[in-house]
Every structure is written in C-alpha cells, then in structure tokens.
Amino acid sequence: MDEARRVAALARAHGIIVAVGHTERFNPAVRAVAEMRLTPRYIEVDRVSPMTFRSLDVGVVFDLMIHDLDIVLMMTRAALRDVYAVGVRVLGEQEDLASAWLTFADGCLANLTASRLALKTERKLRVFTESAYLSLDYAKRQGVVLSLTENREALERLRALLAEGADLSALDSTQIARVRQLELPTEDPLTL
C-alpha cells in the first residue's frame, strides 16, 4: 500500500497519469462490445497458452485470468454474488490452471478458464444475451455477432418445423444463421 501511495504522489508531482495495466479494456473487440451496452446472461471466457516460464511468481489467476475478471465485471455492471473457483499447481508453487464460476445479482453467470499449460494459445470471450450472441477472439482482434433481430425469421421457421415434428438432424445449423463480423478499429490497446 505504501508503494502505491508513493507512485500516486510521484504521478501527481509530475503531472502524469498512472493506470493499472488492464490493457484488454482497450482491445478493439472489447471496446466494440462495451459500446453495445448489452446485458449478458451468460459469459464464457477461455485464456490459455503454452508455458512461457515467465511470471511464475504469481498464479495464473493474477497472470492471465485477471484481465478476464476485469472485462466480465465491466460488462455485467451487476453486483457479484458468488464465486466458485478451483486452481491446480502442476509445475510451480502457484496455480498453473484455474476455473471460476461467477454469479451476479441480476442472474448472469460467467465461466472463466485460464491455463498456462495448454498446447495452443487461445483468448476467447463468448457473450450470450437475450437478444444476441457474441464471440470475440482477443488475439486476432476479431468478433462476430449473431443477432436475434437479424435471425428472427429463420428461428421462427425452425421452431415451426420442430413443432411439426420435423427431423432436422441433417440440417447444418451454422448455415442458417446470419452472422455479422464486428467492425473493429486497428488501434493498439497498449498505445490507447
């Protein structure tokens, strides 16, 4: 706490801004979703990568998941009610993989997974609302939206077929929905 106060005093004395390093808030994909002001019902986040052997003095929650916790709290805008979490140590003294379920006062659920023991790098956020599904790829800075309003006719047609008892098992559901790519600026999050 004393170090933080000294940093704040130095910043004031020199007229500079000091901020916590949550650069994902400035990721173009995250900014685009935040501007939509959606009310999430379910959020799923995966942030996994192979072991880099850096930041082993902290666990994967403080190394990787911290960014996603910040984004989820920013998106939900509701009071956190419960947290159920588990972490596992494999190589070091701190957890190398973790999973957390967060429940919010408005009924939203969030499932976050972080690992530094994966065979691939993946940084994805999926948001389900009553009116849309969004999928973001942080690393590629890409996102897609599947909107209820843009797909209402197709959904009504499918519901009618199901109500009639139609066998839709041969149907490729990914070919039915209209998916829109998010228009994202190419700004660098760290620069912003």
Side-chain angles (χ1 to χ4, degrees), residues 1-40 43-83 85 87 92-106 108 110-116 118 121-127 129 132 134-145 181-192:
M1 194 64 143
D2 289 338
E3 287 179 6
R5 286 189 179 104
R6 284 196 303 273
V7 168
L10 283 169
R12 276 191 300 277
H14 294 282
I16 60 172
I17 296 171
V18 176
V20 176
H22 291 303
T23 56
E24 286 296 3
R25 280 190 181 211
F26 300 94
N27 183 311
V30 171
R31 290 177 59 212
V33 171
E35 288 172 9
M36 292 178 186
R37 304 289 294 167
L38 299 170
T39 302
I43 303 171
E44 183 178 66
V45 187
D46 293 303
R47 185 178 293 263
V48 300
S49 63
M51 176 61 80
T52 62
F53 298 99
R54 65 160 191 78
S55 301
L56 295 181
D57 59 324
V58 297
V60 73
V61 171
F62 284 120
D63 184 22
L64 300 178
M65 189 184 280
I66 192 76
H67 301 289
D68 301 312
L69 289 166
D70 180 55
I71 297 305
V72 166
L73 292 172
M74 179 184 75
M75 290 180 69
T76 57
R77 300 179 311 272
L80 181 63
R81 192 171 61 199
D82 293 302
V83 176
E93 294 299 313
Q94 309 290 332
E95 78 278 357
D96 294 308
L97 56 111
S99 184
W101 266 90
L102 284 61
T103 61
F104 294 88
D106 67 354
C108 180
N111 182 12
L112 294 86
T113 301
S115 173
R116 50 188 179 200
T121 297
E122 183 176 81
R123 296 186 180 353
K124 294 203 174 173
L125 170 78
R126 295 169 196 88
V127 180
T129 75
L134 298 106
S135 179
L136 301 181
D137 186 322
Y138 289 140
K140 293 179 183 174
R141 295 185 187 154
Q142 296 176 343
V144 295
V145 179
Q181 292 288 326
L182 284 174
E183 299 292 326
L184 304 174
T186 57
E187 300 156 315
D188 176 61
L190 191 55
T191 303
L192 292 172

Legend entry - Shortest non-hydrogen contact between V45 and L125, atoms and distance: CG2-CD1, 3.4 Å
Inset, instruction - Would you check if the side chain of N27 reaches a backbone N or O of Y138 as a donor-acceptor pair within less than 3.5 Å? - result: yes
Inset, instruction - Measure from the side-chain N and O atoms of E24 to the backbone N and O of V30, and report whether any donor-acceptor pair falls under 3.5 Å. - result: no
Inset, instruction - Give the intermediate values and the outcome of side chain to side chain contact (heavy atoms under 4.5 Å, CB included) for residues F62 and L69. - result: CA-CA 10 Å; F62 284 120; L69 289 166; over 6 Å; no
Inset, instruction - Could you grab the distance from atom CG of L56 to atom CD of E93, nearest 0.5 Å is fine? - result: 10.5 Å
Inset, instruction - Report the distance from atom CG of D137 to atom CZ of R126, rounding to the nearest 0.5 Å. - result: 9.0 Å
Inset, instruction - Determine, stepwise, if the pair I43 / D68 fulfils side chain to side chain contact (heavy atoms under 4.5 Å, CB included). - result: CA-CA 10 Å; I43 303 171; D68 301 312; over 6 Å; no
Inset, instruction - Would you give the length of the straight line joining atom OG1 of T76 to atom CD1 of I71, rounded to the nearest 0.5 angstrom? - result: 11.0 Å
Inset, instruction - May I ask you to decide if R116's main-chain N or O and R47's side chain share a donor-acceptor pair within less than 3.5 Å? - result: no
Inset, instruction - Compare every heavy atom of M75 with every heavy atom of V33, then report the nearest pair and how far apart it is. - result: CG1-CE, 3.6 Å
Inset, instruction - Work out which heavy atom in A105 is nearest to a heavy atom in R81; give both atom names and the distance. - result: N-CB, 4.2 Å
Inset, instruction - I would like to know whether L134 and V145 meet side chain to side chain contact (heavy atoms under 4.5 Å, CB included); could you show each step before the answer? - result: CA-CA 5 Å; L134 298 106; V145 179; 3.6 Å; yes
Legend entry - Minimum heavy-atom distance S115-L64, with the two atoms named: O-CD1, 3.7 Å
Inset, instruction - Determine, for R54 against D63, whether the closest basic-nitrogen to carboxylate-oxygen distance falls under 4.0 angstrom. - result: yes
Inset, instruction - Taking all non-hydrogen atoms of both residues into account, name the closest pair between A29 and Q142 and its distance. - result: CB-O, 4.3 Å
Legend entry - Audit row: L182, M36, side chain to side chain contact (heavy atoms under 4.5 Å, CB included) steps and yes/no: CA-CA 11 Å; L182 284 174; M36 292 178 186; 3.2 Å; yes
Inset, instruction - Kindly write out the residues that satisfy salt bridge (Lys or Arg N to Asp or Glu O under 4.0 Å) with R37, not counting sequence neighbours, or none if the list is empty. - result: none
Inset, instruction - Spell out, as yes or no, whether a donor-acceptor pair under 3.5 Å connects the side chain of E122 to the backbone of V48. - result: no
Legend entry - Nearest heavy atoms of M65 and A98, plus distance in Å: CE-O, 3.6 Å
